[in-house]
There are 2 protein chains.
Amino acid sequence: MTEVERISKRGAIRQENEARILAAAEKVFAEAGFGGATMQLIADMAGLPKANLHYYFATKEELYRKVVQQIFEIWLHAADSFDNAPGPVEAIGAYIDAKMEISRRHPFGSKVWASEVMHGAPVIQDYLETTLRDWTAGRARLIQKWIDEGKMAPIDPNHLLYMLWATTQHYADFGHQIETLNGGMPLSDQQWKAAKASVKTIILRGIGAL
Amino acid sequence: MTEVERISKRGAIRQENEARILAAAEKVFAEAGFGGATMQLIADMAGLPKANLHYYFATKEELYRKVVQQIFEIWLHAADSFDNAPGPVEAIGAYIDAKMEISRRHPFGSKVWASEVMHGAPVIQDYLETTLRDWTAGRARLIQKWIDEGKMAPIDPNHLLYMLWATTQHYADFGHQIETLNGGMPLSDQQWKAAKASVKTIILRGIGAL
DNA sequence: TTTAACCTTGACCATATGGTCAGGAAGCGA
DNA sequence: TCGCTTCCTGACCATATGGTCAAGGTTAAA
């Protein structure tokens, strides 16, 4: 028995194990897809017997749903930078930084999200139609305001948002391809910095905000 | 070419059925992922008994591999516009148009590709390391040449290419999300035109080529 | 110590799935 | 028509997987 396990027994065993399982599940779902993932694999990765997973999460679907929801929360948070910014340069610049950082720190989550949406969002369709739709409409209005104020060129706000999502998430979802094209090496700190700078430069100049 | 293949070209049955199966497989793999796809589902969609699929494609993996290869061919073709163009505006503009058109006409293929790469490219890793790496290096050199000639701003060519891939493919891979945010309706002709224009405008201005 | 709630897990089950195969049908040149 | 190849398919099999369960262990408050 390890030190960590002993301590956890005093306190929140459930919390500890659920977090452990969710982390393992996120990775396995990302790497194998929902259909390719197996509870056994997740269990092994979490270091628990399979039956124990079903004690905390009744079904594979329930576990998957929790993983997706967790990611969605993180993504919404990244959007905070959009508010309370004087103009597009600060808002969009910070948003790109935040999303790039998430692609770097949570590549598995990004992939699970991408997979979920690609397959028709069977689990989080309601989120798309409520939370995401509202968020998008709000930011689109904000962008339109900046356009009206002459702070940036007249660009369709929705397509700009799509471009922001696409470019930033690409570094997580297609990370393997990028790594391969980078000689089989993950991007270095320097290269991540360059990536962020490139994306920000092109987009901010592209919308006429620089 | 083997004896079997040559003879089979006489009759169109093989060709016809293989195409039928490949089309069904592309759709099912895109919508369910490799793990979630079943030979039965593909068979039903192709209107053939399951055993017949195995007559033409020995294993699920072989069928999947063919689907992925098919897509890769289409993508390479879209890159032709990059060559024989006087400068970045024509080359990149045409490339964006071509890739957007592929996202519109072959959304399933795009999703299968995305899924394959997201899961670590188990099937087409060799393509990434040879064909794609060479193609990318060549275009990066071309972009660098344009920069040296003052035809565009100094941008890291690789990150520019990633952005081109990300933005164009997003319209296929995240088509469901876009459709949801579009009030549940697929993009109209008008909206696709606006999408292309937005992407081209932002990127071409973003790289200082306009 | 007792007790009740919580946690753990090996063994088991029903089902779904990839793949096989034998036997027969259809196409086609001679 | 004959003979050969190609094509078709229902029935079947071995295996993997999600999920269940009952028995037992652990914890902490009373």
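Only a predicted model underlies this, so the values are computations on that prediction, with no experimental measurement involved. Proteins come first, then strands; the chains are lettered A, B, ... in the order of their sequence lines, and each starts at number 1.
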Check your understanding: Can you list, by residue number, the residues of residues 62-71 of chain B that have a non-hydrogen atom closer than 4.0 angstrom to DNA chain D?
Key ->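 Output list: empty, so none.
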With a 3.5 Å cut-off and sequence neighbours excluded, list the donor-acceptor pairs that the side chains of residues 40-49 of chain A form with protein atoms.
unit_1	atom_1	unit_2	atom_2	d
A:Q40	NE2	A:D44	OD1	3.1

Check your understanding: For every nucleotide of nucleotides 14-20 of chain C, 5' to 3': is a protein heavy atom under 4.0 Å from its base (B), only from its sugar-phosphate (S), or from neither (-)?
Key -> ---SBBB
Exercise for review: Give A:F57 one of three labels, base, sugar-phosphate or nothing, depending on what nucleic acid heavy atoms sit under 4.0 Å from its own.
Suggested key: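 Since no nucleic acid heavy atom lies under 4.0 Å of A:F57, the category is nothing.
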Check your understanding: What residues form a salt bridge (Lys or Arg N to Asp or Glu O under 4.0 Å) with A:R104, not counting sequence neighbours?
Key -> A:D189
Could you check how far [atom1] of [X] sits from [atom2] of [N], rounded to whole Å?
{"X": "A:E16", "N": "C:dC7", "atom1": "CD", "atom2": "C1'", "result": "14 Å"}
{"X": "B:E18", "N": "D:dC8", "atom1": "CD", "atom2": "C1'", "result": "15 Å"}
{"X": "A:I21", "N": "C:dC7", "atom1": "CD1", "atom2": "C1'", "result": "12 Å"}
{"X": "B:L53", "N": "D:dG10", "atom1": "CG", "atom2": "P", "result": "13 Å"}
{"X": "B:L48", "N": "D:dG10", "atom1": "CG", "atom2": "P", "result": "11 Å"}

Under 4.0 Å between a side-chain N/O of [X] and OP1 or OP2 of [N], yes or no?
{"X": "A:Y55", "N": "C:dT8", "result": "no"}
{"X": "A:N17", "N": "C:dT8", "result": "yes"}
{"X": "B:R14", "N": "D:dT6", "result": "no"}

Can you give the donor-acceptor pairs under 3.5 Å from side chains of residues 89-102 of chain A to other protein atoms, not counting sequence neighbours?
unit_1	atom_1	unit_2	atom_2	d
A:E90	OE1	A:G87	N	3.3
A:Y95	OH	A:W165	NE1	3.0
A:D97	OD1	A:K200	NZ	3.1
A:D97	OD2	A:K200	NZ	2.8
A:K99	NZ	A:T168	OG1	3.3
A:K99	NZ	A:Q169	OE1	2.9
A:E101	OE1	A:K196	NZ	2.7
A:E101	OE2	A:R105	NE	3.0
A:E101	OE2	A:R105	NH2	3.3

**Study point:** Which residues share a side chain to side chain contact (heavy atoms under 4.5 Å, CB included) with A:K111, sequence neighbours left out
**Key:**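 Partners of A:K111 under the side chain to side chain contact (heavy atoms under 4.5 Å, CB included) test: A:A30, A:D173, B:M118.
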Point to revise | Electrostatic pair B:D126:B:R133 at N-O distance under 4.0 angstrom | key: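 Judged by the 4.0 Å cut-off on N to carboxylate O distance, B:D126 and B:R133 do not form a salt bridge.
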Review point. Does a side-chain N-to-carboxylate-O contact under 4.0 Å join B:E18 and B:R14?
Key: yes
Review point. Between B:Q125 and B:E129, does any side-chain donor sit less than 3.5 Å from a side-chain acceptor?
Key: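 Note: B:Q125 and B:E129 side chains meet the donor-acceptor criterion.
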**Study point:** Donor-acceptor side-chain pairing of B:Y162 and A:Q177 below 3.5 angstrom
**Key:** no
Check your understanding: Which of parallel (below 30°), tilted (30 to 60°) and perpendicular (above 60°) describes B:F82 and B:W146?
Key ->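 It falls in the parallel class, under 30°.
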